[in-house]
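Source: prediction; values computed, not measured.
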Amino acid sequence: MALEFRLPDIGEGVAEGEVVKWLVAEGDSVKEDQPLVEVMTDKATVEIPCPASGTVKRIHAEPGKVVPVGSVLVEIELAAGAAAPRIAAHGHAPAPAAAPAPAAPAAAPAAAPAAPAFVRPPGQRAIATP
C-alpha cells in the first residue's frame, strides 16, 4: 500500500513551505520518524519526519519548489505488515477525540474563600503569550 505524505501544517499562519533539501532519495528504505526533508517557511527551517516505515516510491517536490500546506511531498510504499500511520489527509495527526465534560465540582465549605474566576465566552480563544 502506498501512502501519499502531504506537507503538514508546520505552524500557526504558515500556508506554504520551500523544499530546501531531501534527506532521502527515491528507492531508499525509511523508518518512521526518520528525517525526510528540510522545509523552509517564512518563520523557520524544519526537518519533517517520515510518518511510516517503508520505501520512498516517488518524490513530488524538487528542492527550491514552494509547495502549499496539504500538497503531496512524497509517496511511500509501506513496509509489508506495517500498519497505516495515524495521519489525516492534510498530512498530520488527526485531532484527538473530544474530552468528556468535567464533572461538576463538589460544593466548597462555607468557610473557604472563593478563588477569582476568569471565564471566557464559549468559542473565543484564550489570550496568552507563547
4.5 Å side-chain heavy-atom contact, W22 and I59: yes
Nearest heavy-atom pair of V72 and R6: which atoms, and what distance? CG2-NH1, 3.4 Å
Can you tell me if NZ on K43 sees more than 12 non-hydrogen neighbours from other groups inside 6.0 Å? yes
Looking only at heavy atoms, which two atoms of H60 and K65 are closest? And how far apart? O-NZ, 4.0 Å
Would you say that R58 contacts E26 through its side chain, given a criterion of any heavy-atom pair below 4.5 Å between the two side chains? yes
Output for pair (S29 OG, Q34 CD), nearest 0.5 Å, gives 9.0 Å
Between L36 and V74, is any pair of side-chain heavy atoms under 4.5 Å apart? yes
Distance (rounded to the nearest 0.5 Å) between L78 CG and K57 NZ: 10.0 Å
Does a side-chain heavy-atom distance below 4.5 Å link P68 with L7? no
If you compare all heavy atoms of A25 against all heavy atoms of V56, which two are closest, and at what distance to 0.1 Å? O-CB, 3.5 Å
For the student: nearest non-hydrogen atoms of V30 and C50, plus distance: CG2-SG, 3.6 Å
Using the rule that two of Ile, Leu, Val, Met, Phe, Trp, Tyr join whenever any of their side-chain heavy atoms come within less than 4.5 Å, decide whether V37 and V14 are in one cluster. no
For L3 and A52 the tightest heavy-atom approach is CD2-CB, 4.5 Å
Going by heavy atoms in the side chains, are V39 and I10 under 4.5 Å from each other? yes
Assigning hydrophobic clusters by single linkage (Ile, Leu, Val, Met, Phe, Trp, Tyr; side-chain heavy-atom cutoff under 4.5 Å), is V20 placed with L23? no
Between P63 and K21, is there a side-chain heavy-atom distance shorter than 4.5 Å? no
Going from CG on L73 to CD1 on I48, what distance comes out if it is rounded to the nearest 0.5 angstrom? 7.5 Å
Are E16 and V67 close enough that some pair of their side-chain heavy atoms sits under 4.5 Å apart? no
Would you mind reporting whether E62 and V19 have side-chain heavy atoms less than 4.5 Å apart? no
Keeping the roles fixed (side chain from E77, backbone from M1), state whether a donor-acceptor pair exists under 3.5 Å. yes
